[in-house]
Amino acid sequence: MCDDLTAADDAALMSRRDIGLLAAGAGLALLIPSAANALPVRASTVSITTPDGVCDAYFVHPAKGKHPAVLIWPDIKGLRPAFELMGKRLAEAGYAVLVINPFYRVAKAPVVGPNDDFQMPAVRAKLMPMAQALSAKTTEIDAAAFVHWLDAQRGVDKKRKIGTIGYCMGGPMTFHTAALLPERIGAIGSFHGGGLATDKPDSPHHLVSKMKASALIAIADNDNQRDPGAKLALRSAFDAANLPAEIEVYT
């Protein structure tokens, strides 16, 4: 899992002092002002009924008009203030954004505290079983419910395609969403997504043939070093499906 590998890399590259400074910087990032020409937005915590329960989520959209929707799948630490900020900034740019709690079946968000780091044994012991309980099936159940909910909102322009973004463990979830709902999902973005192209028959890259979405696949340099063939498999899959895709490795 990319979150686990990232934690190992962080431990190798940074001291505890460095990690503390990084955490402080992340907190300060929440105070960064909105971009110029940002639209006024409305935000709320919402509840979305799925076949498996009730998902708590963060919904934010421009205060006026109808706008294309974006569905965000967080990383292993789940829905928390940092992801709410991401959603808010996208909304200020003209999107109706839903950021979901992927662990709603077992806990409401946030599932970690503001000072919890994935490298902490107790935090890892809590999050790993929750993440491992998720599957392609749970993602498809959730994706269908979330898109249905978005399409029922007054602030969402149903005439426009939906975009979906995933971070780390959320990367593969964008593939499953786009393959399940090709007529609604027009774009996917995966950032540091883990396990997008493997040698297993259920690898997410095999789903590209079912999509109608363009893609941005941002691959972390450390992931590329471990599996340099993944980007080639992804490129081949998107080319075969005749879908536009920007697949880049970032240092």
Side-chain angles (χ1 to χ4, degrees), residues 1-10 12-14 22 25-26 29-30 32 35 68-80 82-95 97-100 102 118 131 134 136 139 143 161-179 185-198 203-251:
M1 180 175 292
C2 62
D3 303 273
D4 199 35
L5 296 174
T6 299
D9 288 340
D10 287 347
L13 294 172
M14 297 188 295
L22 183 62
L30 300 181
I32 295 175
V70 176
L71 170 61
I72 295 182
W73 303 92
D75 61 16
I76 198 170
K77 292 171 71 175
L79 173 57
R80 55 194 189 278
F83 272 88
E84 291 179 359
L85 177 62
M86 292 181 195
K88 180 174 180 287
R89 288 178 175 170
L90 274 177
E92 290 172 341
Y95 298 91
V97 185
L98 180 67
V99 191
I100 59 90
F118 191 63
L134 301 177
T139 297
K161 293 292 185 71
I162 293 174
T164 183
I165 301 172
Y167 293 82
C168 227
M169 77 168 194
M173 295 175 178
T174 67
F175 281 62
H176 286 283
T177 304
I185 307 301
I188 66 172
S190 170
F191 296 88
H192 201 338
L196 298 181
T198 71
S203 174
H205 79 288
H206 293 314
L207 297 171
V208 175
S209 62
K210 299 180 180 180
M211 300 180 189
K212 294 183 179 180
S214 57
L216 167 62
I217 312 296
I219 302 172
D221 185 53
N222 55 351
D223 287 340
N224 182 61
Q225 291 175 16
R226 292 186 179 95
D227 186 7
K231 63 182 181 294
L232 303 178
L234 287 164
R235 169 51 59 199
S236 177
F238 279 99
D239 286 348
N242 196 29
L243 291 173
E246 180 178 335
I247 302 170
E248 298 289 344
V249 176
Y250 292 85
T251 56

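Start at 1 with the first residue, then count along the sequence.
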With a 6.0 Å cut-off (strictly less than), is the heavy-atom count around CZ of F83, excluding the residue itself, greater than 12?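 Yes, enclosed.
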
K161, NZ: over 12 other non-hydrogen atoms inside 6.0 angstrom: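 Yes - once you tally the heavy atoms of other residues, nucleotides and ligands closer than 6.0 Å, there are more than 12.
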
I need the minimum non-hydrogen distance between [X] and [Y], along with the two atoms involved.
| X | Y | value |
| --- | --- | --- |
| P172 | L196 | N-CD2, 3.6 Å |
| S209 | A241 | CA-CB, 4.3 Å |
| A233 | A197 | CB-CB, 3.9 Å |
| S190 | T174 | CB-OG1, 4.5 Å |
| V97 | A91 | CG2-N, 3.8 Å |
| F175 | M211 | CD2-CE, 3.3 Å |

Output the distance between atom [atom1] ([X]) and atom [atom2] ([Y]), rounded to the nearest 0.5 Å.
| X | Y | atom1 | atom2 | value |
| --- | --- | --- | --- | --- |
| I185 | H176 | CD1 | NE2 | 13.5 Å |
| I162 | T177 | CD1 | OG1 | 10.0 Å |
| M169 | I76 | CE | CD1 | 6.0 Å |
| I217 | H192 | CD1 | NE2 | 14.0 Å |
| D223 | C168 | CG | SG | 7.5 Å |
| I219 | F191 | CD1 | CZ | 12.0 Å |

For the residue pair Y95 and P68, establish whether any side-chain heavy-atom pair is separated by less than 4.5 Å.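 Yes, their side chains come closer than 4.5 Å.
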
Charged N to carboxylate O below 4.0 Å: is that the case for R80 and D75?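 Looking at D75 together with R80, the answer is yes, because their closest N to O distance falls below 4.0 Å.
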
Answer yes or no: is there an ion pair linking E92 with K88, defined by an N-O contact shorter than 4.0 Å?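 Salt bridge: yes.
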
Quick one: does S236's side chain have a donor or acceptor within less than 3.5 Å of a partner on L232's backbone?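 A pair under 3.5 Å: no.
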
Backbone N or O of L71 within a donor-acceptor pair of the T164 side chain at under 3.5 Å?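 Yes, T164 side chain to L71 backbone: donor-acceptor pair under 3.5 Å.
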
Could you check L79 against E84 for side chain to side chain contact (heavy atoms under 4.5 Å, CB included), going step by step and ending with a plain yes or no? CA-CA 7 Å; L79 173 57; E84 291 179 359; 4.0 Å; yes

Sequence neighbours excluded, every pair satisfying salt bridge (charged side-chain N to carboxylate O under 4.0 Å, His left out) that has a member inside residues 237-251: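 The answer is R235-D239.
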
From CA spacing to verdict: side chain to side chain contact (heavy atoms under 4.5 Å, CB included), I165, M86: CA-CA 11 Å; I165 301 172; M86 292 181 195; over 6 Å; no

Using side chain to side chain contact (heavy atoms under 4.5 Å, CB included), reason through N224 and Y250 one step at a time and then give a plain yes or no. CA-CA 9 Å; N224 182 61; Y250 292 85; over 6 Å; no

Start with the C-alpha distance between K231 and V249, add both sets of side-chain angles, then the distance that settles side chain to side chain contact (heavy atoms under 4.5 Å, CB included), and finish with yes or no. CA-CA 8 Å; K231 63 182 181 294; V249 176; 3.9 Å; yes

